[in-house]
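For reference, the structure discussed in these notes is given below.
Lettering follows sequence order; numbering is per chain, from 1.
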2 protein chains.
Amino acid sequence: MGTRNEIAALPPEADLARADSLAREIFSDIANKWAFLIVEFLGQRTMRFGELRDHIGGISHKMLTQNLRMLEHNGLIERTVHPTIPPRVEYALTEAGVALRAVVDGMCGWTQKYLGHIEAARRRG
Amino acid sequence: MGTRNEIAALPPEADLARADSLAREIFSDIANKWAFLIVEFLGQRTMRFGELRDHIGGISHKMLTQNLRMLEHNGLIERTVHPTIPPRVEYALTEAGVALRAVVDGMCGWTQKYLGHIEAARRRG
DNA sequence: CGGTATCCACCATGATACTG
DNA sequence: CAGTATCATGGTGGATACCG
């Protein structure tokens with residue numbers, strides 16, 4: 001996506017949204033704020049469970065676990081357990097995760113770019 | 001916020017995630033499946049309420065209304081009422097919405113590209 | 001430290017009905 | 001056709017506690 005031209009010709013991908021149910025299911029799973037934030041932070045570097053929780057902020061232990069499991073199940077992140085005491089568990093993006101990171105970064109960039117626009121819209125309506 | 005980033009050259013956008021609460025709030029509002037699907041379909045063309053509902057599929061009247069209001073409130077879509085009988089209401093993307101569409105398209109493309117990868121991951125784990 | 005399980009409050013959501 | 005309101009209800013997600 002990144003530098004692909006505007007809206008010009010944006011074909012097949014478009015109908016993914018209504019396409020087969022598996023694609024739709026995956027799309028719905030991953031298009032949520034926690035998944036995006038996790039991908040964003042793991043995109044910066046590999047992190048441990050606690051680091052991730054602290055960086056994200058405002059996420060409960062349970063939600064983080066749940067989303068990490070979901071992302072792992074879908075092959076976006078890889079979980080490495082170091083059998084030390086205390087345990088050390090590292091999470092890293094897979095290739096698919098890195099690819100998604102580009103999308104999430106696009107969204108981050110979008111948010112920054114249109115922050116003013118949005119504030120203005122809110123004041124109006 | 002830190003304008004320096006540890007990784008290659010994925011700039012400031014990265015720390016938006018933890019940046020000011022307004023950006024975070026907007027990010028969290030919009031990073032959800034319904035918002036994405038609405039943006040995706042309105043990106044194809046302007047649509048009426050019912051059309052949108054039918055194209056998206058599986059969304060309740062209430063959820064659609066709610067999300068449309070949220071997107072309008074944030075200045076991503078524009079609502080035009082034609083005072084006919086029966087009423088005709090058209091929804092279209094604003095400039096900000098069109099820009100977000102690029103992101104959503106990226107996500108659609110990603111989903112298609114990694115569908116096989118994901119299926120494989122699911123079978124394994 | 002990280003994971004799992006349990007409990008429970010609350011809210012998001014769907015269904016339904018009514019209005020303009 | 002589109003919007004709003006109301007209601008119930010089940011599921012989401014937070015808090016807590018305990019395990020490895």
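Comparing A:Lys62 and A:Pro86 by the nucleotide of DNA chain C whose heavy atom lies nearest to each, the residue mapping closer to the 5' end is A:Pro86.
No side-chain heavy atom of B:Leu71 sits under 4.5 Å from any side-chain heavy atom of B:Tyr91. Between A:Arg53 and A:Ile59, the closest side-chain pair of non-hydrogen atoms falls below 4.5 Å.
For A:Arg53 and C:dG3, the CZ to P distance is 10 Å, given to the nearest whole Å. In this entry the distance linking CD of B:Gln66 with P of C:dC11 reads 14 Å, nearest Å. Following rounding to the nearest Å, A:Ile59 (CD1) and D:dA15 (P) show an atom-to-atom distance of 13 Å. Taking atom CE of A:Met70 as the reference point, atom P of D:dG13 lies 11 Å away to the nearest angstrom. One atom, CG of B:Leu64, and another, P of D:dC1, lie 14 Å apart when rounded to the nearest Å. The CD1 atom of B:Ile56 sits 14 Å away from the P atom of C:dT13 (whole-angstrom rounding). Distance CG (A:Asn32) to C1' (D:dG11): 15 Å, rounded to an integer number of Å. A:Trp34 places its CH2 atom 12 Å from the C1' atom of D:dG14, with the value rounded to the nearest Å.
Dashed line: the shortest gap from a side-chain N or O of B:Arg88 to OP1 or OP2 of D:dA2 is not under 4.0 Å. Proximity of B:Arg69 to the phosphate of D:dT4: a side-chain N or O atom is located under 4.0 Å from OP1 or OP2. Between B:Arg79 and D:dG3 there is a side-chain polar atom (N or O) within less than 4.0 angstrom of OP1 or OP2.
Cluster membership check: B:Val81 shares its hydrophobic cluster with B:Leu52, using side-chain heavy-atom separations under 4.5 Å among Ile, Leu, Val, Met, Phe, Trp and Tyr.
With a 6.0 Å radius and a threshold of 12 heavy atoms from other residues, nucleotides or ligands, A:Glu95 has its CD atom at or below the threshold.
In this structure, of D:dG14, C:dG2, C:dT13, it is C:dG2 that holds the atom nearest to the side chain of A:Tyr91. Considering only side-chain atoms of B:Arg48, the nucleotide from D:dG3, D:dC1, C:dC1 that sits closest is D:dC1.
Each of B:Ile38, B:Asp29, B:Thr65, B:Ile77 was evaluated against B:Met70; a single residue qualifies, B:Asp29, per the side-chain contact (heavy atoms from CB on, under 4.5 Å) test.
Contact of A:His61 with D:dG14 (side chain to base): no donor-acceptor pair of N or O atoms is detected under 3.5 Å.
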